[in-house]
Every structure is written in C-alpha cells, then in structure tokens.
Amino acid sequence: MNKRYNPFEIEAKWQKSWEENNNFATTNDEGKENFYCLEMFPYPSGKLHTGHLRNYTIGDVIARYKKANGFNVLHPMGWDSFGMPAENAALKNNSSARKWTLANIEAMKADLRIMGLSYDWDRELATCKDDYYRHQQAFFIDMYEKGLVYKKEAMVNWDPVDMTVLANEQVIDGKGWRSDAPVERKMMNQWFMNITKYADELNDDIKLLEDWPERVKHMQTNWIGKSKGLQFKFKVNGSSDVEELEVYTTRPDTLMGVTFASVASEHPIAKEIAKTDAKAADFIKECQELGTSAVDIETAEKKGYKTPYTIVHPITGEEFPIYIANFVLMAYGTGAVMAVPAHDERDNDFAKKYDIAIKQVIEGEDPYGAAGKLINSAEFDGLEVAEAKKAVIAKIEGMGLGEGTTNYKLRDWGISRQRYWGTPIPFVECESCGTVPVKKEDLPVKLPDEIDITVKGNPLASDAEFVNTTCPNCGAAAKRTTDTMDTFMDSSWYFLRYTCPHSENVLDLEEVKKWMPVDTYIGGIEHAILHLLYSRFITKALRDCGYTPAELVEPFKRLITQGMVIAPSFQDSKGDYINPVDVAEEDGKPVHKETGEVLKVNRMEKMSKSKNNGVDPAILFEQYGADAVRTAIIFIAPVEKDLEWTENALEGCWRFMGRFWNLVHSTEIDLSNEKVYAIDELDTKEEKALKRIIHKTIKRVTDDLDKFQLNTIVAAIMELSNALAKVKVTDSDKMQALYAEGVKTAVQLFNPVAPHITEELWTDMGNTTSLTATDWPQAQEAALEDDEITLVVQVNGKLKAKLQVSASIAKDEAEKVALEAVVKDTEGKEIKKVIYVPGRLVNVVAV
RNA sequence: GGGUGAGUAGUCCAAUUGGUAGAGACAAAGGACUUAAAAUCCUUCCAGUGAGGGUUCGAGUCCCUCCUCACCUACCA
C-alpha cells in the first residue's frame, strides 16, 4: 500500500462519517456503566482560542477512552451565551445582541467540528434560549418561595452618565469604562441568593471532594472563610442615642487586653457622631473616598478618629475610647472591632500611633501567636489560650452579653444586573401587592429579541411592551422587574440540564439520577472559586427544592484544572506587541518578518489579546490538521501544568503523524494477519521483546489514562511506534504477525488523542467497523513479565555492577552472584548487611 | 502579609511512588539520500535533580531551613 498522509481529506471525511452515523449519541445500554464527561462550556465570543483547544482536547480524550472501555458516555456541549460582550458588540455594530450571539455560536460550532470532538450535539443547549432559561426562572421562583432568594438594598457602582450599574471590573481608576465619568456609590434594591444559608454545608462538603485538586479546595475554604469566635456587646458611654456596640472577635481569650474599640466609617455609630461632629464627618468622607482597589488598600495609611464615645469593659468596668478607623470593614463581622494592641499587629501599630495603652495578657515571646498562658487577666490567669477562649465565651454568655458564634467571609450572592442580555428575573412589581412572582404557567418571561440598546440605562426598562403587564395576583396594571440575572446563575445548573435537555420540566429526576454527579469536569483554574462554588450551591438548593435526588450532594466528582497556555510575547521598539505569526528567527534572535527589526522577547505568560501572543487555532488546523494539533496539546505538558506553546513541538507531532501513517502505508508486511501469538509461543529474544513492548504499552497507556496523565500516553505510543518501525518484511513470520498485532494495538491506543488518522488506518488495515465501536485492547498478563532482569549491585548505595539474571532468581542466588560481582569493592571490608530488593537490586553494606 | 503549587540535560518533559536519573519530543552537530534544497532516515552530544542540612543500606521522591518562579487571596478583627 502506498497512500500519502493527507489530514485535511481524512479529517473532513471522518467528521462527516461520525455525524452521519451518529456515533457519539449518548447510549443507554443496560449493563453498561454510565460516565459523564464534561468540559466547561464556552462563552460564544465567536472565536476558539488555545485555552478552549486544550480544554476540549483533554475532555475528548477521556470521553473516547471511556467509550472504548464500554461505558455509556454522556459528553455534551453548549453555550454560556448571555452576558455583556453581546451588548457591547450590538452597540458597536449597531446590530442585535441576539443575532451576534447566534452567529457566534454557529461559527464556534464549526471550529469545534474541525477539532473532531465526540460530542452528542443532540444535547446542545444555549443559556440565551428560552427553552433553557424558562426553567431557570421556574426554579428561581421556587427558591424565592423557600426564602433562598430575596431583595435588599445594596451598594452598587453607578455610572451617572450612562445611567447604569457597573460591575467592579468595569470601574477603572474610579471611572466608568465607557463614559469615563467618576463612578458613584449608590444604594439600590437588588436581588440576592441566600448562599450564606449553605455556608456550613458548602464548607463541610469540601471534604467529600476527594478527586479535586487540593488548591481548589483550599481556595473554596478560604473564600467561605469560616471562623469561630465570640460576638458580644459593649455598653457605650457618651451618647444618648447609642447604648451598645456589638463586636465580633476570634480571640475572646484576649478580652482582658482590650484597650480601645474601632468601628468602620459606615458604622451607625460613626454616622451618629458625624451628625454633630464636623471633624468626624470629614474623616468619614475621607475614608469613603479612599479607593477600593488592591493598590489603594496596600498603600493607604492606617488612620483613626477618636470619638467622644467610650466602651465599658464588661468585666473590669473600665472605659476605653471608640475610634473610627479606615481599615475596619463594615462587611465583615459587625463592622466593629475590640482592639487588643498587645496581641494584634494592626491594633498594635494603631495604638502606638495614637498613643493608646497596650496591655499584655498572654505570656510568651510571640505576642501575635495563639499559644501560652494568660496573665493580667484576673480570673482567667493561668489558663491556656484554648481554655481561655472557652472560659471567656462562657462568662460573656453567662452575663447575657453575647454568645460564641461562627462567622463567614462568604456574602450573599447579588445576582441583579441592570442589563438587557440576561435571564429576566420573573417578577412583577404591583402597587398594591408588592413584589409578586410570575405564575409558573406564564413562563418564560421572554426577553425581547430585538431592543433599542442605545438608550441610557437598562434597555429593558425602556421597552414598554416588556415592562407593562398585569399583576399575577390582583390583575391590576403592573410593571415587570427589569433586572436580569448574573450569568453565573446560567452556568450553575447547565450540567444538570444536559442530562435531560429536552425535558418539559426543569429537570427529569430519573435522568439526573442516572448521570449525576459529573464524573470528570475539566476547565480552567480561573473558575476555581466562583463558578464552582455557585454550582455547588445551586445543586444543593435544587435538591432542597425537590428537583434533584436527595443523595446528590455535590455536582462534580472529579475536577481537572488544566494549566494555562502560555507563550512569550514580542515587542518592537515602539512597544507594540507583535504576534508570533509575524516573528521569524534569525541568528537565534527574533525579528519582525516584514521590517526585519530585532524584537524584544518578554517572559512566558498567558496568551492574551493585550499581549498579542496568542496563536489562532484555525491557522494551526489549516496547516497541520486536527490530529497533530490535538497530539501536541496533549503531549507538550501535563494537563494541570502551564503549557508552553511552541511551533517546534507541533512540528514534531506532525512528523510523528507521518511516521505513524507509514507503519501501515509503507510496509510490505501483511497487516491483515490476525494470528496472535502468546508470549510462550514465540521463539527468539527479539520476538519476545516486541511482544512485551506491545503489551506493556497497553498497560502503560491504560494506567496513565486512568490517572489523567495524558502527556505520557503519547510518549508511550511513540515508543511502541519506534519499536515497530524497526520490523522488516524479511523478519520471521512470527515477527511479522507481531507487527500486525502491534500496529493494530497502537492504532487503538492512539485513537482517543488522534481520532481521524487512527480511524483511517484502522479501515486501511481491513477493518470494517468504526474504531469508536471497538473495545479497548487488553494487556496479556504473561507478556508483561520479563524473563530476564538487570540486577543492580550496589556497595554502600553506590552503583558497582549490573548483572543480567533470570527474573525468577532466588534471593540466595541473587545475593551470591552480587557478592561475587563486587569482590574487588569489598576487599578487606567487613560485610555488615546485604539488602535485596526482588527484581531490582542488591545493596551490600560493607565497612 | 497569608495560602497553594512548582523547580530534573540548551528547551519541553519522564522516572514502576524510597531502589540503575532518561522513556518521548524539541534544539544542536555529523552522516545517508538528492543536481540542490525541503522532507525523510541513521548516528552523536548534554544534567546528578534550585541551595544547604537531616532521616535511610539507599533520596529527584520523605522531613527541616533557605532561594527563585507561578497562581490564588488579602486591612477578615
């Protein structure tokens, strides 16, 4: 046979064939186990980037592998298709967010098709379509009725020119990103999800996530930020209106060391004082003008204002001043702190600055550590910190001033967005009935397909047809809620909907039971906190609304967080970033292809638009075909590590494709030979060695796939391929039969990574069924064992000799030959000990 | 400041989980083929595992200290 490798032809051919034969429809075979393989669905920006490429290739390898291993595999894809970019694009192009989004979906779907991914497209969903979001509206109403959704006043970033609410990332240096107007802080009525109600469960269940990366679990834990402490009230002197100040502390043991209190600038006490105290008002204003960016916070000086109010120590009755302090957060705890300068670094700095007393109450060298015995603490003297915490809490509880509590950093989730392109919140504002949910049978509250997006503020609010309705309760004229939902809501349950995308109900309980939890969820580390936390929350909330089975506590069994795709960036003398496609190498230096200018090379960093260091996957496919690109993506780096993109590595994979192709197409050996010899039927060393390589490769590839060590499977297949390439038509018949067996095996093993070339070769070898319907090869145990091993002989841990011995060598015999081999090295020494590791080595300890 | 992870040939990466540091690839050099080049094939070269200490018969792997880098998080009381 002599046929040239033409990836473009065969890839298109097989993609068409898989589609026509519906090869990746989710199967439901009885007696097969189910496997749910999911990659994070993309935002349809219109273009595939290398991050997607990596994500979906990894997922596809797993899905195809599981399918070959006899699982019913659910491997769906869809679109996270609401969100601001569509509105921005509509504004820019004077077109429609919907049309733009749908066109992008089609464009990206075409790109995905070129990658040769094994999706069940019948389950495709798009969050911007009402057959998806209507169900989200339905359970949102249920959650409202269960108290998991509520409205409250909350601070937002308000752009006074565009008359719109801005997300934090749209505020740049305190100004609106588009209007450039100074952003105002404004209280607005907003919708919230009561995620804090689940804080404890979300925190506890992290321990169930055995197959999640540790660091993601840490991030989740830190984000939830559970702490135990004491919340209690000080009596306040100096005011007729304020009688007490409630504080939260994680260090109740230091209560006796309190010498002042500090409150946030937004604290009611601060506001109270500001009414009559101009200096206090000024100070509060100053605090609020301070930016909230990380840099501002880092550089800001810690400042305070001493108020005329004092707290009364609950045990000693002493009075201490209350300060308004610019570093106290209203959002955490009670917005007020009992300050213990002897044992808290920040309080210490503050006390020194304002000349406040410092009272040490714990012995020991490290004042900020939490160990030691209490001193200067009256009745608590002599207690260890842990005991003292309990004692103080008990004391304060006994006095009726407060109680031991648990506190979380986690805040309730504000989901209101004053924008058009999102899921409408299905509520109506009625003058007489208030906030009323839309009746379920009237869902969906449909987002207008076309809308005047150029109006200031939320376009929905200007759409009379959308806004004006009747009250579901009393029938009177009423107005719809015009807020839409945070897109994180859309992505917090899509994985459930995939199990039953055509169901008339929110979810089909049986299907959810069948497929959930997701067996492997693959995505970028950037979603380690919010998306995963919200998804975990919504899964639990849906369970409590009866939509999912009670036993489904966590949505994702195994989480794979892929690393970023990184590349160096290039800059010319003007500082402009030059894309790698325009860079050539001359004398080891990067130069601009057109101008010839030598470019500055920056360090490796994530491919991004701003650094113009990304490569366009479409170009790669055009040049190398999907199989080579997929292989390179898998081969270059382990899944969870950053992938340093180089064209050279891709070229290497391209060359490998050619060599692999030649195993079938430039050999005289008969590949239709189906005779498979067992290891003990083989005669020569070479035959046995090749047999072993074949079966060891099966084992290695299989084991590595099970461990998600995907880069090494490519290396193993290359090794097998290299070994096979050495076989000649002049070799023995058995050798030639082994060649056929080996090539067949290699094709099967390589299929999850490079599905097109393997299908083609499989067919060319005379097979009539698709590889997608072929079982994974099984390693023959007998062929995994060597009959000879290299026995390493060490003296005092240092390598001295290597001996070829029988694999079944006995301990005594091994030690005997080893000692003989190192006679010279042990001469005149006393042999103290001989260590024997079966099948590996003998270590002689001699002094 | 806190947390997490990672440092192995010139480069990307392996190493049976405490047992010969090298599987695979890139790059480089030489050779074969070619009128020539590309492609292809063959051959060769290169580290003692970031530094130091410890445990052990034996450490890339475990423990401690330090350095560098990356990511996350941050006035969280």
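Here is the naming used below: chain letters follow the sequence lines, and residue numbers restart at 1 for every chain.
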What is the nucleic acid contact for [X], judged by heavy atoms within less than 4.0 Å: base, sugar-phosphate only, or nothing?
| X | answer |
| --- | --- |
| A:N722 | sugar-phosphate |
| A:V328 | base |
| A:I835 | base |
| A:T250 | sugar-phosphate |
| A:P638 | sugar-phosphate |
| A:G333 | nothing |
| A:F635 | base |
| A:E644 | sugar-phosphate |

Work out how far the [atom1] atom of [N] is from that of [M], and round it to whole angstrom.
| N | M | atom1 | value |
| --- | --- | --- | --- |
| B:rG5 | B:rA9 | C1' | 24 Å |
| B:rG60 | B:rU16 | C1' | 15 Å |
| B:rA59 | B:rG53 | C1' | 13 Å |
| B:rU11 | B:rC63 | P | 27 Å |
| B:rG54 | B:rC13 | P | 32 Å |
| B:rA25 | B:rU8 | C1' | 16 Å |
| B:rC45 | B:rA28 | C1' | 8 Å |
| B:rC75 | B:rC64 | C1' | 32 Å |

query = Side chains of A:K726 and A:N722: is there a donor and an acceptor less than 3.5 Å apart?
reply = no
Specify the separation, in whole Å, of atom [atom1] of [X] and atom [atom2] of [N].
| X | N | atom1 | atom2 | answer |
| --- | --- | --- | --- | --- |
| A:I525 | B:rC71 | CD1 | P | 12 Å |
| A:F320 | B:rA77 | CZ | C1' | 17 Å |
| A:R215 | B:rC71 | CZ | P | 10 Å |
| A:L650 | B:rC12 | CG | C1' | 14 Å |
| A:E719 | B:rA25 | CD | P | 9 Å |
| A:D642 | B:rC72 | CG | P | 11 Å |
| A:L643 | B:rC26 | CG | P | 16 Å |
| A:K798 | B:rG58 | NZ | C1' | 11 Å |

request  = Using a 4.5 Å cut-off on heavy atoms from C-beta on, say whether the side chain of A:N796 contacts that of A:V845.
outcome  = yes
key: Of A:H218 and A:S227, the one whose closest RNA chain B nucleotide lies more 5'   = A:H218
remark   = Comparing nearest nucleotides in RNA chain B, the 5'-proximal residue of the pair A:A637, A:N843 is A:A637
Would you indicate which nucleotide in [options] comes nearest to any side-chain atom of [X]?
| X | options | value |
| --- | --- | --- |
| A:N648 | B:rA14, B:rC26, B:rC12 | B:rC26 |
| A:K641 | B:rU73, B:rU4, B:rC13 | B:rC13 |
| A:Y332 | B:rA77, B:rA25, B:rC71 | B:rA77 |
| A:A715 | B:rA25, B:rU20, B:rA23 | B:rA23 |
| A:I529 | B:rC41, B:rU73, B:rA77 | B:rU73 |
| A:V792 | B:rU20, B:rC76, B:rG24 | B:rU20 |
| A:K802 | B:rC71, B:rG19, B:rU20 | B:rU20 |

Is there a side-chain contact between [X] and the phosphate of [N], meaning an N or O under 4.0 Å from OP1 or OP2?
| X | N | value |
| --- | --- | --- |
| A:R346 | B:rC76 | yes |
| A:R655 | B:rC26 | yes |
| A:K302 | B:rC75 | no |
| A:Y248 | B:rA77 | no |
| A:Q709 | B:rU16 | no |
| A:N222 | B:rU4 | no |
| A:N711 | B:rA14 | yes |

query = Given A:L841, which of A:V792, A:L799, A:L803 fulfils the side chain to side chain contact (heavy atoms under 4.5 Å, CB included) condition?
reply = A:V792
request  = Dump the intermediate steps for side-chain contact (heavy atoms from CB on, under 4.5 Å) on A:K389 and A:R251, then the final yes or no.
outcome  = CA-CA 7 Å; A:K389 281 185 178 172; A:R251 295 294 303 274; 4.2 Å; yes
Worked verdict on A:D642 versus A:K606 for salt bridge (Lys or Arg N to Asp or Glu O under 4.0 Å) = CA-CA 9 Å; A:D642 285 351; A:K606 186 177 179 176; over 6 Å; no
key: Steps toward salt bridge (Lys or Arg N to Asp or Glu O under 4.0 Å) verdict (A:D704, A:R700)   = CA-CA 6 Å; A:D704 287 352; A:R700 275 172 68 189; 5.3 Å; no
remark   = Per the glycosidic torsion and the 90° limit around 0, nucleotide B:rU17 is syn
inquiry  = For B:rG48, does the O4'-C1'-N9-C4 or O4'-C1'-N1-C2 angle fall within 90° of 0, making it syn, or is it anti?
reply    = syn
Verdict with supporting geometry, A:R4 and A:H665, side-chain contact (heavy atoms from CB on, under 4.5 Å) = CA-CA 8 Å; A:R4 276 188 70 85; A:H665 288 292; over 6 Å; no
Carboxylate-amine/guanidinium contact A:K816 A:D812, below 4.0 Å = no
message = Should the side chain of A:R840 and the base of B:rU16 be counted as holding a donor-acceptor pair, with the cut-off at 3.5 Å?
response = yes
Residue among A:F656, A:W654, A:F660, A:Y624 satisfying ring pair (Phe, Tyr, Trp, His ring centres under 6.0 Å) with A:Y5 = A:W654
inquiry  = Counting runs of three or more consecutive pairs, Watson-Crick or G-U wobble, with each distance below 3.5 Å, where are the stems of RNA chain B?
reply    = B:1-7 with B:67-73, B:10-12 with B:24-26, B:28-32 with B:40-44, B:50-54 with B:62-66
inquiry  = If you take the centroid of each ring, where Trp contributes its six-membered ring, are A:F260 and A:Y354 closer together than 6.0 Å?
reply    = no
inquiry  = Taking the ring centre of each residue, are A:F320 and A:F234 less than 6.0 Å apart?
reply    = no
